[in-house]
S.K.: 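Shown below is the structure under consideration.
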2 protein chains.
Amino acid sequence: MKKTLTTICYHFFTNLANPTRLAALEQLMDKPMSVNELAQTLGQEQSMISHNLKPLLDCNLITVENQGKKHIYTVNKETIAPIFKAIENHAQKFCPKGGKCLTGEN
Amino acid sequence: MKKTLTTICYHFFTNLANPTRLAALEQLMDKPMSVNELAQTLGQEQSMISHNLKPLLDCNLITVENQGKKHIYTVNKETIAPIFKAIENHAQKFCPKGGKCLTGEN
DNA sequence: AGTTTATATGAATAGTAATTCATATGAATA
DNA sequence: TATTCATATGAATTACTATTCATATAAACT
């Protein structure tokens, strides 16, 4: 199995293939937020948000700036925006009726 | 949890977050191939390739044309190419040293 | 019709990742 | 420095997904 593009993309996609992380990213597209702010907005536990932000941070899909106790997370729009856009385009053009592509049902 | 972009993207990324499927897509970027051709090229079992092509097909990331017994699979470059490109750009710009982003090591 | 070739499917197992809960760290403030 | 607030970490459980192996379908050819 080739080690180049596939290897790069695998961890990248694995990172993004998680509803909590995607929801977090989606919120952060609106504005930078702290962990608790995200937790409240998404209705999830603080520890869960924290756990899930880590891989996003490791892969530089988000950045963090510590303001005292609060850690403010910012999405890397330069990377995330075009990818989300590409998927929206795909969904519109190739999966207009949704179906398996959106629901995963088989 | 929001149901719009997150839902669309979740199944999309889940689909792509698999080394076998990524390797298959990468091969298909070169040229359309049959299942056995892919299996041989990737050194994997036919049934494994077949299993993994299904979700890609369901999500229209590939298309198939049946030529008699052979089923020739073609990648949807319009969708896949820009996404791979975006990830390459990200890796170059934000993860120049690879590290956690590429290896997944923690 | 029987045989070969190509692909798909089902079901069980194995392998990975997500979530939870308890606790630790660390910064600010009284 | 004791306390509170904000976040991170560890470890166990749960849940999910991939892979394998056996078998089914389906087309072409004898």
Side-chain angles (χ1 to χ4, degrees), chain A residues 1 6-7 9-25 27-28 32-59 61-74 100-101 103-106, chain B residues 1 6-7 9-25 27-28 32-59 61-74 100-101 103-106:
Chain A
M1 201 162 289
T6 297
T7 307
C9 291
Y10 175 60
H11 294 289
F12 194 94
F13 288 130
T14 300
N15 207 337
L16 292 174
N18 176 291
T20 305
R21 291 195 283 276
L22 285 172
L25 286 174
Q27 285 305 315
L28 295 177
M33 283 187 183
S34 71
V35 178
N36 268 332
E37 211 173 345
L38 272 171
Q40 283 167 21
T41 306
L42 300 175
Q44 304 281 156
E45 298 244 332
Q46 173 271 321
S47 73
M48 186 172 164
I49 299 298
S50 202
H51 272 300
N52 279 290
L53 290 176
K54 187 163 183 292
L56 294 174
L57 189 62
D58 287 343
C59 197
L61 296 173
I62 57 178
T63 56
V64 66
E65 191 194 350
N66 295 4
Q67 294 181 357
K69 316 188 254 203
K70 293 199 178 182
H71 298 189
I72 306 297
Y73 286 88
T74 301
K100 292 172 186 174
C101 184
T103 61
E105 114 251 325
N106 272 349
Chain B
M1 203 163 288
T6 296
T7 307
C9 292
Y10 174 60
H11 294 289
F12 194 94
F13 288 130
T14 299
N15 207 338
L16 292 174
N18 176 291
T20 305
R21 292 196 281 278
L22 285 172
L25 286 174
Q27 284 305 314
L28 295 178
M33 284 187 181
S34 71
V35 177
N36 268 329
E37 211 174 344
L38 273 170
Q40 283 166 22
T41 307
L42 299 176
Q44 304 281 156
E45 300 244 330
Q46 173 271 320
S47 72
M48 185 172 164
I49 300 298
S50 203
H51 273 300
N52 278 290
L53 289 176
K54 187 165 182 292
L56 294 174
L57 189 61
D58 287 343
C59 196
L61 296 173
I62 56 178
T63 56
V64 66
E65 192 193 352
N66 295 5
Q67 294 181 359
K69 313 187 257 203
K70 293 201 175 179
H71 298 189
I72 307 298
Y73 285 88
T74 302
K100 292 173 186 175
C101 184
T103 62
E105 116 252 323
N106 272 351

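The figures here come from the full heavy-atom set of this structure, side chains too, leaving out hydrogens, waters and symmetry mates. What you are looking at is a predicted structure, and each value in this text was computed from that prediction instead of being measured. Labels below follow one simple rule: chain letters A, B, ... track the order of the sequence lines, proteins then strands, and each chain is numbered from 1.
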S.K.: Please report the interatomic distance CZ(B:Phe13) to CZ(A:Arg21), rounded to the nearest 0.5 Å.
M.R.: 11.5 Å

S.K.: Looking for any heavy atom pair under 4.0 Å, which part of the strands does B:Asn18 touch: base, sugar-phosphate only, or nothing?
M.R.: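 Sugar-phosphate, no base atom in range.
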
S.K.: Not counting sequence neighbours, which residues clear ring pair (Phe, Tyr, Trp, His ring centres under 6.0 Å) with A:Tyr73? List them please.
M.R.: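 For A:Tyr73, no residue satisfies ring pair (Phe, Tyr, Trp, His ring centres under 6.0 Å) once neighbours in sequence are set aside.
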
S.K.: Hey, is the side chain of B:Ser34 poking within less than 4.0 Å of OP1 or OP2 on C:dT7, counting only N and O atoms?
M.R.: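 For C:dT7, OP1/OP2 do have a side-chain N/O of B:Ser34 under 4.0 Å.
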
S.K.: Any side-chain N or O of B:Tyr73 below 4.0 angstrom from OP1/OP2 of C:dA8?
M.R.: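 Yes, such a contact exists.
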
S.K.: Which is true for B:Ser47 with a 4.0 Å heavy-atom rule: it touches a base, it touches only sugar-phosphate, or it touches nothing?
M.R.: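 Base: the residue B:Ser47, judged by heavy atoms under 4.0 Å, touches a nucleobase.
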
S.K.: Rounded to whole angstroms, how far apart are CD on B:Glu45 and P on C:dA8?
M.R.: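 Result: 15 Å.
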
S.K.: Quick one: salt bridge (Lys or Arg N to Asp or Glu O under 4.0 Å) partners of A:Glu45, sequence neighbours excluded?
M.R.: none

S.K.: Which is more 5' along DNA chain D, the nucleotide nearest A:His51 or the one nearest A:His71? Just name the residue.
M.R.: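 Nearest nucleotide further toward 5': that of A:His71.
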
S.K.: By nearest heavy atom, map B:Ile72 and A:Ala17 onto DNA chain C; which one lands nearer the 5' end?
M.R.: B:Ile72

S.K.: Please list all pairs meeting salt bridge (Lys or Arg N to Asp or Glu O under 4.0 Å) that have one or both residues in residues 32-44 of chain B, counting only residues at least two apart or in different chains.
M.R.: B:Lys31-B:Glu37

S.K.: Can you list everything that forms a side-chain contact (heavy atoms from CB on, under 4.5 Å) with B:Thr41? Sequence neighbours excluded, please.
M.R.: B:Gln27, B:Met33

S.K.: Starting from P on C:dA27, measure out to CD on A:Glu65 and report it in whole angstrom.
M.R.: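 Rounded to the whole Å, the gap is 15 Å.
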
S.K.: Provide, to the nearest angstrom, the distance between the CZ atom belonging to A:Phe13 and the P atom belonging to C:dA17.
M.R.: 16 Å

S.K.: Tell me the interatomic distance from A:Ile49, atom CD1, to C:dT19, atom P, rounded to whole angstroms.
M.R.: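 The answer, rounded to whole Å, is 10 Å.
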
S.K.: Measure the spacing between NZ of B:Lys70 and CG of B:Asn36 and express it to the nearest 0.5 Å.
M.R.: 7.5 Å

S.K.: Can you give me the first and the last nucleotide of DNA chain D (5' to 3') that has an atom within less than 4.0 angstrom of a non-hydrogen atom in chain B?
M.R.: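 Nucleotide range in contact with chain B: D:dT17 to D:dA28.
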
S.K.: NZ/B:Lys54 to SG/B:Cys59 distance, rounded to the nearest 0.5 angstrom?
M.R.: 12.0 Å

S.K.: Just the rounded figure in Å: distance from C1' of C:dT5 to CD of B:Gln46.
M.R.: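 Answer to the nearest Å: 11 Å.
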
S.K.: Pick one: which of A:Leu56, A:Ile72, A:Leu61, A:Ile62 meets side chain to side chain contact (heavy atoms under 4.5 Å, CB included) with A:Leu28?
M.R.: A:Ile62

S.K.: Given the rule that a pair is Watson-Crick or G-U wobble with both distances under 3.5 Å, how would you write DNA chain C in dot-bracket, using | for pairs to a different strand?
M.R.: ||||||||||||||||||||||||||||||

S.K.: Roughly how many Å is it from OH in B:Tyr10 to P in C:dA17, rounded to a whole number?
M.R.: 13 Å

S.K.: Would you give the length of the straight line joining atom CE of A:Met48 to atom CG of A:Leu42, rounded to the nearest 0.5 angstrom?
M.R.: 9.0 Å

